[in-house]
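Reading through the structure tokens given below for one structure.
Hydrogens, waters and symmetry mates are skipped; everything else that's a heavy atom, side chains included, is used.
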Amino acid sequence: MKIGHQLKKARESKRLSQHEVSDLLGISQKTLSNIESGKTQPSVIHLAKMGDIYEMDILKLLSDNGIHLSPQKSLFS
């Protein structure tokens with residue numbers, strides 16, 4: 001399942017409209033629609049805010065979609 005679709009399901013499970021969430025994120029409803037449809041990728045900041053709004057673990061969402069974040073290794077170690 002794509003990240004945008006999962007974000008849409010999370011929004012709907014909280015019974016929030018795109019308009020409500022876009023206002024909380026400070027983006028247009030069209031931008032949120034594009035994120036949910038997979039036309040646009042959300043920024044890290046917007047992902048973090050959506051995690052708070054939807055009460056979901058964004059790192060798990062990313063990991064479940066094959067995106068694994070880890071601390072950067074030092075070039076001088």
Side-chain angles (χ1 to χ4, degrees):
M1 188 181 304
K2 301 286 183 182
I3 291 173
H5 182 72
Q6 290 173 299
L7 291 170
K8 179 180 180 179
K9 286 183 71 168
R11 175 182 57 77
E12 290 174 341
S13 74
K14 293 292 182 181
R15 298 180 186 246
L16 295 167
S17 70
Q18 282 186 340
H19 181 74
E20 290 170 313
V21 174
S22 64
D23 281 350
L24 291 169
L25 295 174
I27 60 176
S28 71
Q29 182 272 328
K30 181 66 175 168
T31 299
L32 181 58
S33 174
N34 286 339
I35 290 169
E36 290 182 351
S37 68
K39 293 178 183 174
T40 304
Q41 294 299 316
S43 70
V44 172
I45 292 171
H46 290 138
L47 269 177
K49 287 181 181 180
M50 285 184 220
D52 288 342
I53 294 166
Y54 303 151
E55 298 174 343
M56 66 186 303
D57 183 346
I58 293 299
L59 291 177
K60 181 175 179 347
L61 171 71
L62 293 173
S63 178
D64 289 349
N65 284 276
I67 302 169
H68 304 283
L69 302 178
S70 61
Q72 183 178 5
K73 293 182 181 179
S74 173
L75 297 175
F76 305 105
S77 300

Note to self: Applying a strict under-4.5 Å side-chain criterion to I, L, V, M, F, W and Y, I'd like to know whether Ile67 and Leu47 cluster together.
What the structure shows: yes

Next item on the list: Say whether Asp64 and Gln6, considering side chains only, have a donor N or O and an acceptor N or O under 3.5 Å apart.
Entry: no

Check: Got a sec, which residues hit side chain to side chain donor-acceptor pair (under 3.5 Å) with Gln41, two or more places apart in sequence or on another chain?
Finding: none

Item checked: Same apolar cluster (I L V M F W Y, side chains within < 4.5 Å links), Leu7/Leu24 -> yes

Which donor-acceptor pairs under 3.5 Å do side chains of residues 48-57 form with protein atoms, sequence neighbours excluded?
from	atom 1	to	atom 2	distance (Å)
Glu55	OE1	Lys14	NZ	2.7
Asp57	OD1	Leu59	N	3.0
Asp57	OD1	Lys60	N	3.2

Next item on the list: Would you mind listing every salt bridge (Lys or Arg N to Asp or Glu O under 4.0 Å) that reaches into residues 33-47, with sequence neighbours excluded?
Entry: Arg11-Glu36

Note to self: List the residues meeting side-chain contact (heavy atoms from CB on, under 4.5 Å) with Glu20, not counting sequence neighbours, and say none if there are none.
What the structure shows: Leu16, Ser17

Note to self: Which residue is it: Thr40, Leu32, Asn34? I am looking for the one with a side-chain contact (heavy atoms from CB on, under 4.5 Å) to Ile27.
What the structure shows: Leu32

Notebook entry, point to check: Who pairs with Ser33 by side chain to side chain donor-acceptor pair (under 3.5 Å), at least two apart in sequence or on another chain?
Noted result: none

Notebook entry, point to check: By side chain to side chain donor-acceptor pair (under 3.5 Å), which residues pair with Ser28, not counting sequence neighbours?
Noted result: Thr31

Next item on the list: Using side chain to side chain donor-acceptor pair (under 3.5 Å) as the criterion, list what pairs up with Asp23, not counting sequence neighbours.
Entry: His19

Margin query: Using 0.5 Å steps for rounding, measure from the OG atom of Ser63 to the NE2 atom of His68.
Written below: 4.5 Å

Notebook entry, point to check: What distance separates Lys8 NZ from Ile35 CD1, expressed to the nearest 0.5 Å?
Noted result: 13.5 Å

